Amino acid sequence: MENKHIPEKLLTPYDPQSTEKRIYDAWEKSGYFNPDVCIQEGITKADAKPFTIVMPPPNVTGILHMGHAMMLAIQDIMTRYHRMKGEKALWIPGTDHAAIATQSKVEKEISKKEGKSRYDLGREEMLNRIHAFAQDSHDSIIAQVKAMGASCDWSREAFTLDETRTKAVYTMFKNMYDDGLIYRGTRVVNWDPKGQTTIADDEIVYEERKAKLYTFKYAKDFPIAISTTRPETKIGDVAVAVHPSDERYTAYVGKEYDMEFCGVPIHIKIIADESVEKDFGTGALGVTPAHSMIDSDISKRHNLPSIQVINEYAKMTLGGENILGKKTTEARETIVSWLRDEGLLEKEEEVNQNVSTAERTGGIIEPLPKLQWFIDVNKEFVLPESTLEGIASGSKTTLKQIMRTVVQNKQVTIVPEYFDKTYFHWIDNLQDWCISRQIWYGHRIPVWYKGDEIYSDIQAPEGEGWVQDEDVLDTWFSSGLWTFSTLGWPENTPDLATYHPTAVLETGYEILFSWVARMILMTGYGLGTIPFHTVYLHGTVRDAQGRKMSKSLGNGIDPIDVANKFGIDAGRMALITGTAPGTDSRIDENKIKGYKNFANKLWNITRFIITNTEGFEVDNEKNEYTEEDQILADEVRTLAIEVGADIDALRFHLASEKIYHYIWHRFADVILEESKEIFTGTDTAKISSRKQFLMNTLADTLKILHPFMPFVTEELWSIIPRNEANSQKLLIIESWPFLENHTH
RNA sequence: GCACUUUUAGCUCAGUGGUAGAGCGUUACAUUGACAUUGUAAAGGCCGGAAGUUCGAUCCUUCCAAGGUGCACCA
């Protein structure tokens, strides 16, 4: 057969590498990622329904991994589909400064290369270094996001630490401060001696280790033995607590003792408290208010003093020469051998212990009393304007109540649904949120001091002598504002009015608390509304053996490598298909390769159809389908409707499988094969009907597949012969097929 | 300890109140074709175990077992 009208590139297999970059550039140049442009050009109606997604901002700590690739693929599928449905589809990209994560990464690098600490460099120089690193990291991340085919609106790109977002952060802080929801107080917090900062409860990772549990008496004449894994803290004990109903000790409750413990004078009062477990150890708890959260609570209930014996560097601040200034671990040995020598040690046993470590630095958490900033989640305040169901405008509520209510009454739905139970469980155990961090990278706390005066605003107060708080805010404070800070809040922007609340928040289940809950909190408080209608939680992408991808295992797959080797279209399909929400998935090269073959299949389907319909003009004004072809056409309509319904219902794994299955095993395997017979026959009505059907259906399947495999479909769209009057130049802004047949 | 979740073909996973599906793998045959291959077909499952609800359960309920995750405890 003569092939002179077949575009030359169709004669060789599909080559994603030479295609994807070129196509992305064409999209970017078109401006169609920006819904405003679509409206200006008459592609989208000005009063169309908005559809908004904010991209969970990747941390500027390095490069993207397959988890990011999956997240971007899912969000791009939604954005492209809704754009094709004629909605004002807006996907806002951005990055997160990720305070601790970024600073500790740069600190590590500097320490390794130059042997210097942040204190050697000083605040200003250190921040310069971090900014330079963050900028580099940002640039490579953006390049990667583009390589994934993400159709996000770059004109609206945001950074959690840029000017607009900083203004939002400061405004929110001031509002909460004025409402008394943000307070400063001394509490026992999680101190990371390695990172030299406090961290939040959910930044802690528990590691199971063996530890020794020592049972002993403070002194020979003390009546009760206590157990502890940390004898060095006992020089800070102020009480021994027993359970009120524990008859072994009732006689002693209320008595006070003065003793010398390893050279340190201590004063111990015996108290009864419900929180003590009778069955653990001796049933008596040595109370160390300064170095244990629980003990701190007990001491508050009983009006006991707090004695700090360990400092920020995990070194002893009390005791004789043998202890003072020593590391806690050394002091422990000293004290244990003293106990042994004195004959006070009754028992020494191995126990399993969950040690709290800092997620970012690996430092072992030292509970310390510190003066910090907190958000009070239980304090009542008046919400002036509210669209929250169950919380009327002007009524009193609490942040905890907001977080609970909107999920409980399904104003925000979580997919998969069972995660809301985990969410409630977390809310019920929630304590006040410590938001200050003793690091340098981040939003500096907008509070200034002068003597006893305290001032909070979005900028420094007038006058001399004001000193700004040294600390910065927890990074999740700024990411909590993400859905509306990206739209220009606190200004009353048209974007904010149009695109908020957002439609879907698509993210990993591991940040349900640290991020999703905080967004609900911040949006409920700040705007009296919800940040999003639906939360879609994806699982973790694992390797073929089911292991987490990690640098140390070297089992990670770089999405850019995937793009180079198989095309990112194939990578996207492999990540989406067969992956249910909330469930971890496995990926390996074989799976991706299968979808590369699929892209090539589509390529060859197109070649077959172009070859066999050469010179045939599609005229859809007169529909001359045979009865047989009309049945096939109805099937395509059903497909378009079903795939659309699956995307609407966030069943991406089913949607992609349906279109894949149709194209390969129905359209190619059955219909194309059958067409060969028709074309070699003599029935001209049948032949022209079939040609028309093939051309129409090819166009329709390209449209339906486009959200999933945007590059190869866009490329083929530019190749197939089309009626220019009835079709757009770029597939990205084509209408979803059979839209008028959808029932809503 | 509490909660959530998973258990379906050799592997990885979808799915549904009416005795099961995909991809990969395996086997056989065909084909150089629109296809850096593809097609046709086959083998392979008491849908973790037990009980219950139901006309009917892989699906709903309860219990049990084994994995995973979260939270708490961690004196």
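Since we're looking at a predicted model, the values are computed, not measured. The sequence lines fix the lettering, A, B, ..., with proteins before strands; numbering per chain opens at 1.
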Atom P, compared across B:rG18 and B:rC74: separation rounded to whole Å = 49 Å

Distance check: side-chain N/O of A:His653 vs OP1/OP2 of B:rG15, anything under 4.0 Å?
-> yes

Is there a side-chain contact between A:Leu694 and A:Arg690 (heavy atoms, below 4.5 Å)?
-> yes

Just jot down the ring-ring contact (aromatic ring centres under 6.0 Å, His included) partners of A:Phe711, sequence neighbours excluded, or say none.
-> A:Trp27

Do A:Phe652 and A:Tyr536 make the cut of ring centroids closer than 6.0 angstrom?
-> yes

Please write out each protein N/O paired with an N/O of nucleotides 4-13 of chain B under 3.5 Å, distance rounded to 0.1 Å.
{"from": "B:rU12", "atom 1": "O3'", "to": "A:Arg586", "atom 2": "NE", "distance (Å)": "3.3"}
{"from": "B:rC13", "atom 1": "OP1", "to": "A:Arg586", "atom 2": "NE", "distance (Å)": "3.0"}
{"from": "B:rC13", "atom 1": "O2'", "to": "A:Gly578", "atom 2": "O", "distance (Å)": "3.1"}

Contacts satisfying salt bridge (Lys or Arg N to Asp or Glu O under 4.0 Å) that involve residues 655-665 of chain A (not counting sequence neighbours) are A:Glu642-A:Lys658, A:Asp646-A:Lys658

Do you know which two heavy atoms are closest between A:Gly594 and A:Trp664, and how far apart they sit?
-> O-CZ3, 4.4 Å

Measure from the side chain of A:Lys676, starting at C-beta and using heavy atoms only, and say which of B:rG39, B:rG70, B:rA34 lies closest.
-> B:rA34

In whole angstrom, give me the gap between the C1' atoms of B:rG52 and B:rA42.
-> 40 Å

Keeping the roles fixed (side chain from A:Lys278, backbone from A:Asp246), state whether a donor-acceptor pair exists under 3.5 Å.
-> no

Rounded to whole angstroms, how far apart are NZ on A:Lys658 and P on B:rG23?
-> 16 Å

Stems of at least 3 consecutive Watson-Crick or G-U wobble pairs (donor-acceptor distances under 3.5 Å) involving RNA chain B, listed by first number, are B:1-7 with B:65-71, B:10-13 with B:21-24, B:26-30 with B:38-42, B:48-52 with B:60-64

Note: for A:Asn429 and A:Thr229 on RNA chain B, the residue whose nearest nucleotide lies more 5' is A:Asn429

Does OP1 or OP2 of B:rA34 have a side-chain N or O of A:Asn612 closer than 4.0 Å?
-> no

For B:rA57 and B:rU53, measure between their C1' atoms and round to the nearest Å.
-> 10 Å

Would you tell me if any nitrogen or oxygen in the side chain of A:Tyr206 comes within less than 4.0 Å of OP1 or OP2 on B:rG70?
-> no

Among B:rU38, B:rC73, B:rG23, which is the nearest nucleotide to the side chain of A:Glu277?
-> B:rC73

Within the structure shown, what part of the strands sits under 4.0 Å from A:Ile226 by heavy-atom distance: base, sugar-phosphate, or nothing?
-> nothing

What's the CG-P distance between A:Asn604 and B:rG39, to the nearest Å?
-> 11 Å

Tell me what A:Leu512 touches on the nucleic acid: a base, only sugar-phosphate, or nothing, going by heavy atoms under 4.0 Å.
-> nothing

Please state the P separation for the pair B:rC60 and B:rU16 - nearest whole angstrom.
-> 10 Å

Strictly by modelled atom types, are A:Trp433 and A:Asp474 linked by a side-chain donor-acceptor pair under 3.5 Å?
-> yes

Between atom NZ in A:Lys210 and atom C1' in B:rC74, what is the gap in whole Å?
-> 14 Å

Quick one: closest heavy-atom pair of A:Cys262 and A:Ile323, and the distance?
-> SG-CD1, 3.8 Å

Could you tell me whether the phosphate oxygens of B:rG23, OP1 or OP2, come under 4.0 Å of any side-chain nitrogen or oxygen in A:His665?
-> yes

Under 4.0 Å between a side-chain N or O of A:Asn597 and OP1 or OP2 of B:rU38?
-> yes

Which value, in whole Å, describes the distance between the P atoms of nucleotides B:rC29 and B:rU19?
-> 35 Å

Could you tell me the separation between the CZ atom of A:Phe652 and the P atom of B:rA22, rounded to a whole number of Å?
-> 24 Å

Measure all distances between protein nitrogen or oxygen atoms and nitrogen or oxygen atoms of nucleotides 25-29 of chain B, and list the pairs falling under 3.5 Å.
none

P gap between B:rG21 and B:rU27, integer Å = 25 Å

Hey, is the main chain of A:Leu698 close enough, under 3.5 Å, to the side chain of A:Thr701 for a donor-acceptor pair?
-> yes

Kindly say whether A:Tyr14 contributes a backbone atom to a donor-acceptor pair with the side chain of A:Asn600 at under 3.5 angstrom?
-> yes

Which residue lies toward the 5' end of RNA chain B, A:Tyr14 or A:Glu657, if each is placed at its nearest nucleotide?
-> A:Glu657

Residue pairs meeting salt bridge (Lys or Arg N to Asp or Glu O under 4.0 Å), one or both in residues 288-301 of chain A, sequence neighbours left out, come to A:Asp273-A:Arg301

How far, in whole Å, is B:rC4 from B:rU38 if one measures between their C1' atoms?
-> 46 Å

Nucleotide B:rC24, atom P - distance to NE2 of A:His661 in whole Å = 11 Å

Considering only atom C1', compute the distance from B:rA14 to B:rC47 and round it to an integer number of Å.
-> 13 Å

Main-chain N/O of A:Gly236 paired to A:Thr288 side chain as donor or acceptor, under 3.5 Å = no

